[in-house]
Amino acid sequence: MVLRTLQTMGPQHGFGLAKRIEQISSGALSLNQGTLYPALLRLEQRGWIAGAWGVSESNRRAKFYELTRAGRKQIEREAAGWARTVEIMSRFLEEAE
Amino acid sequence: MSALRRLQAMLRSGRLDRDLDDEIAAHLAMQEDEFRARGMSPREARDAARREFGGVTRTAEIYRERRGVPWLENAARDLRYAWRGLRQNKAFTAAAIVSLALGVGANTAIFTLVRALMLRSLPVSHPEELVTLYRTGAWGRGYGSYPWYLEVAKRSDLFQGVIARSSVEKVRLAGERTETVQQELISGNYFRVLGIARAIGRLIGEDDNRTPHAHPVAVLSYDYWQRRYGGDPGVVGKTVTANDQPLTVIGVAARGFRGVEVDRQPDLWAPVMMRDGPIFEAGAHWAWVVARRRPGVSRQQIQAAMDVLLKQYLNTVYGSNPVAAFRSIAMKQQIEVRDGGIGLSGLRERFGTSLEVLLAAVALVLLASCANVANLVLARGAARRKEISLRVSLGATRGRLVAQALFESLLLAAAGAVAGVTLAYWGTRQLVAFLPEPFEVEPDVTVLAFTAAITVLAGLLFGLGPALHASRVDAAEGLRFGTGASPRSGMRRALVVAQVAFSVVLVALAGLFGHSMSRLRSVAVGFRADAVIGFSLEFPDKWKVAERTGPRDRLIAALEAAPGVSAVSYGFPGPFLHGSSQATIRVIGAGNEPAASNSGEDWVNLQLAGPRFLTTIGAALRQGRDVEPMDTAKSQRVAVVNQAFLRRYLPNEPRPLDRQLAVGTDTIAIVGVVEDIAHQGIRTEPKPTVYIPAVQSDGTWEPSIVVRGAVAPEALIATIRREGGQLPPQITVTEPRPIRREIEESLLQDRLLATVGAFFGVVALALAAVGLYGVVAYGAARRSREMGIRVALGAARASVVWMVVRDALVLVVAGLVLGLPASYAAARQVASLLFGLKAGDAASFAVTAGALLAAGVAAALLPARRASRVDPAAVLRAE
């Protein structure tokens with residue numbers, strides 16, 4: 001989700017990402033915002049996003065995350081994976097009918 | 001990939017922490033703004049933002065854990081903490097490190113020596129298969145005769161190969177400049193049996209060892225080849241002249257092979273057949289036998305077989321000898337089958353037992369120092385109870401506490417090991433300087449590994465116990481009482497008692513060796529060794545008596561005329577530890593008395609003496625006169641006897657100078673009585689000795705020349721060398737040495753033991769005193785309230801002082817109870833090294849007990865003084 005958000009929104013800082021995810025899932029996912037940061041760390045460690053310090057809209061110093069090329073590839077891989085899963089599941093469900 | 005990032009993150013954790021804080025702060029600020037925009041008050045906004053975020057600290061912790069390598073970071077942190085702690089408590093750290101350095105250092109030094117002398121295998125193939133046959137009994141120890149070797153070599157059922165070799169000896173190499181090299185004579189199969197390859201050329205083989213004096217070939221050692229010829233392959237075919245015998249170099253042995261003798265390394269090898277002197281004579285003992293046993297044949301089997309073989313051989317050679325006494329001495333010889341893989345070593349023979357004793361002693365020193373450090377660590381743990389309780393209440397697990405305590409111990413152990421290794425280097429050099437032939441001892445990987453191992457062991461030994469003990473703290477109690485009462489100081493007291501016990505053993509050993517040494521020094525040598533230099537002349541075997549006496553007498557005349565020389569004489573054998581020559585004599589009865597004789601099993605020492613030999617060496621004549629120039633080959637046969645002789649053969653004789661002896665076919669008049677001289681060394685009781693003028697005996701022998709001078713020994717030695725150089729070159733002049741030095745050297749082992757023993761004894765005593773002080777002081781502090789009450793109730797201050805001192809003495813006595821029996825057991829093990837003492841030497845043990853008790857009292861002094869000054873009012877107030 002983070003990766004996709006970054007893909008659509010472009011470089012974002014942690015707060016912005018948290019807000020956006022909340023928004024998109026229409027409040028269905030309400031995690032503690034803090035849990036985002038360890039997740040961001042893992043994505044950064046895997047090389048799918050890169051972080052850099054910058055200045056936010058409200059003139060604050062914040063860390064911005066950007067999708068890397070490896071990250072873009074990862075999105076495609078995961079999207080394909082999800083699609084396949086959905087297809088298989090729907091076949092099962094259709095059969096059951 | 002992520003693993004790499006994690007390691008990187010570990011190194012930059014400080015900055016990354018700050019970054020995270022900033023990031024989270026920014027996040028919270030932005031959320032706050034949002035809430036404020038919705039109309040909340042600043043305070044409400046801040047709280048709501050925090051709630052929305054979740055646990056900040058928790059998030060940060062999860063983040064950090066995920067970011068780095070947790071256990072490594074924990075370890076690094078604990079290490080830093082331990083380091084800081086040690087730096088803050090300098091006294092404790094210093095005491096601990098010094099204790100450990102002594103234990104570890106001493107251990108490493110002795111182990112280096114032991115390994116070099118006793119454990120290192122020869123660089124040959126399958127050293128475990130090698131055995132040496134060590135002959136004991138008459139005529140020297142270790143080597144045997146060549147005919148004996150040939151008998152052993154027939155036993156191909158037991159051995160894959162049997163080698164004979166001479167010992168490594170100096171030979172003179174002629175050339176533009178004469179040099180002295182070490183030579184070993186070997187049987188033809190030497191290199192083959194040992195499995196040594198060649199470097200260049202070829203090696204000596206069986207065909208080079210068939211006919212006496214017919215194989216003038218030599219093989220050089222690799223080291224000598226490099227040193228002297230710079231590794232030039234053209235050395236093959238060159239001629240070297242060793243002791244006037246030309247030898248052709250046929251090859252060089254492989255690199256790394258240095259012979260089979262640990263103490264001495266040959267520079268060149270020549271066949272046994274080239275020996276200058278008797279080869280096949282059964283009475284010539286010079287050949288060491290080294291054999292490679294067949295796989296499947298045990299040493300016990302070989303020992304049994306050799307015992308039988310030796311009996312048969314001795315019977316063949318000596319069974320028909322007419323002289324019964326000679327025969328019985330010959331038949332008493334034995335063969336010991338020993339491990340050959342560790343090489344032959346004269347030093348090991350002399351010092352092996354002592355080194356083992358020292359090794360055991362240093363193990364004790366290590367234990368004592370570990371006990372000492374454990375005590376220090378325990379004391380520190382007690383002092384930090386409050387801090388530890390705090391940590392426990394904040395959630396530290398027992399495992400983490402033990403780990404942290406162990407870190408401190410390991411840091412101490414590491415520091416102690418570093419200091420110890422330095423001490424070991426220095427110590428090893430000092431020890432080697434003690435040995436008569438100092439040899440190169442390089443510290444090698446094994447020794448360093450050993451040091452590392454005992455370091456870790458030491459760290460665990462003194463760290464684990466206290467660590468477990470300290471972590472078993474009850475948090476609440478610890479917080480309440482802080483550094484005050486500790487429910488059990490039992491462990492500390494037990495440790496100190498153990499330490500005292502170890503010290504008792506060490507001090508007792510020091511006392512025994514010291515006492516033995518003083519006994520040795522008090523033995524009267526029988527002559528005045530100071531200012532006497534001794535050396536020998538060696539002539540070619542072929543020279544007759546007349547050819548020998550000429551040069552000898554000329555040399556003596558020249559020396560007598562030299563400045564600074566008071567007297568010169570000669571004799572055979574030499575005056576101190578030059579062997580002995582024996583004879584059977586009869587004492588001719590006076591009048592009708594039955595004649596005393598020793599034709600049974602006794603031998604009398606026979607000493608050939610030049611004119612004024614006894615006065616030159618400074619022996620005191622009790623009656624009559626010395627051998628004089630007036631005793632010539634044609635004058636009456638005379639002899640001087642020593643007092644041991646009188647005691648044995650002429651007891652109660654009022655006028656020994658009237659008596660006569662029969663030696664062989666000669667009748668000899670006793671013309672003088674001299675005091676007993678310790679010709680066979682200090683440890684041997686002087687035997688009955690008869691001194692006969694050398695000119696009145698036959699036979700060829702190497703004269704031992706003694707020079708007494710009024711000037712410094714170095715000047716005398718220079719004079720001797722100068723005059724000796726005037727002799728014909730076929731005569732070898734051995735190295736002149738002060739007799740005093742020979743005497744000192746014969747006591748080397750005892751000096752080594754006494755000195756090192758004393759050192760360890762003092763160290764052990766000091767450690768015990770320090771340990772006792774710690775525990776007694778602690779105990780006194782704990783009972784200060786009780787003491788205050790006693791004084792307040794009217795007790796004399798002296799009684800309070802006695803309380804403290806008694807505490808120390810109780811610990812010492814407990815240690816003595818454990819240590820004295822152990823010391824006695826140890827003493828019995830080393831009894832063979834002592835002189836004039838039994839293992840249960842009361843004096844040494846009494847001194848030991850006294851020393852430890854004194855240490856206890858000394859340790860109690862300071863706490864006792866503090867106790868005597870206790871102010872009852874202050875103590876009661878602090879309740």
Side-chain angles (χ1 to χ4, degrees), chain A residues 2-3 5-6 9 11-74 77, chain B residues 1-40 42 44-70 72-73:
Chain A
V2 169
L3 293 178
T5 313
L6 281 178
M9 286 187 66
Q12 259 303 333
H13 53 61
F15 180 68
L17 280 170
K19 283 284 141 190
R20 180 78 177 153
I21 289 175
E22 222 182 270
Q23 198 180 51
I24 293 183
S25 65
S26 316
L29 296 172
S30 63
L31 311 158
N32 275 333
Q33 292 173 346
T35 60
L36 185 62
Y37 286 95
L40 282 173
L41 175 67
R42 182 181 287 142
L43 294 175
E44 200 178 6
Q45 278 180 338
R46 299 218 177 134
W48 295 332
I49 61 176
W53 283 92
V55 182
S56 76
E57 323 81 25
S58 39
N59 224 4
R60 283 193 201 286
R61 188 167 167 268
K63 195 167 182 191
F64 285 81
Y65 294 94
E66 183 176 32
L67 203 58
T68 63
R69 202 170 60 190
R72 259 183 274 276
K73 285 222 197 72
Q74 181 65 10
R77 261 199 303 269
Chain B
M1 224 26 216
S2 69
L4 193 60
R5 269 180 225 269
R6 282 174 154 227
L7 282 172
Q8 282 176 336
M10 225 181 67
L11 297 168
R12 302 154 61 215
S13 61
R15 230 219 23 218
L16 293 178
D17 281 342
R18 281 194 297 278
D19 283 354
L20 180 64
D21 289 341
D22 289 346
E23 216 183 328
I24 294 179
H27 181 120
L28 289 172
M30 288 191 255
Q31 182 68 77
E32 258 183 62
D33 290 346
E34 200 189 69
F35 283 150
R36 261 216 298 244
R38 290 200 213 152
M40 290 191 194
E44 281 175 349
R46 195 163 43 235
D47 292 343
R50 286 215 126 77
R51 270 199 305 272
E52 192 68 22
F53 192 88
V56 172
T57 325
R58 190 89 190 103
T59 306
E61 251 192 53
I62 296 179
Y63 189 93
R64 257 200 294 274
E65 253 174 53
R66 202 170 276 186
R67 185 184 69 201
V69 187
L72 205 56
E73 287 182 336

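In the text below, chain A, chain B and the rest are named by the order of the sequence lines, each starting its count at 1. When reading the values below, keep in mind they use all heavy atoms of this one structure, side chains included, and skip hydrogens, waters and symmetry mates.
In this structure, the ring pair (Phe, Tyr, Trp, His ring centres under 6.0 Å) partners of A:Phe64, at least two apart in sequence or on a different chain, are A:His13. Scored by the side-chain hydrogen bond (donor to acceptor under 3.5 Å, both in side chains) test, B:Asp22 finds A:Arg61 as partners (sequence neighbours excluded).
Closest heavy-atom contact between B:Tyr63 and A:Tyr37: CE1-O, 3.5 Å. The minimum heavy-atom distance between A:Trp53 and B:Glu23, with the atom names listed, is CH2-N, 3.8 Å.
Proximity to chain A (any heavy atom under 4.5 Å) is restricted, for B:Asp33, to the side chain, taken from C-beta onward.
By the 4.5 Å heavy-atom criterion applied to side chains, A:Lys19 and B:Met30 are not counted as neighbours.
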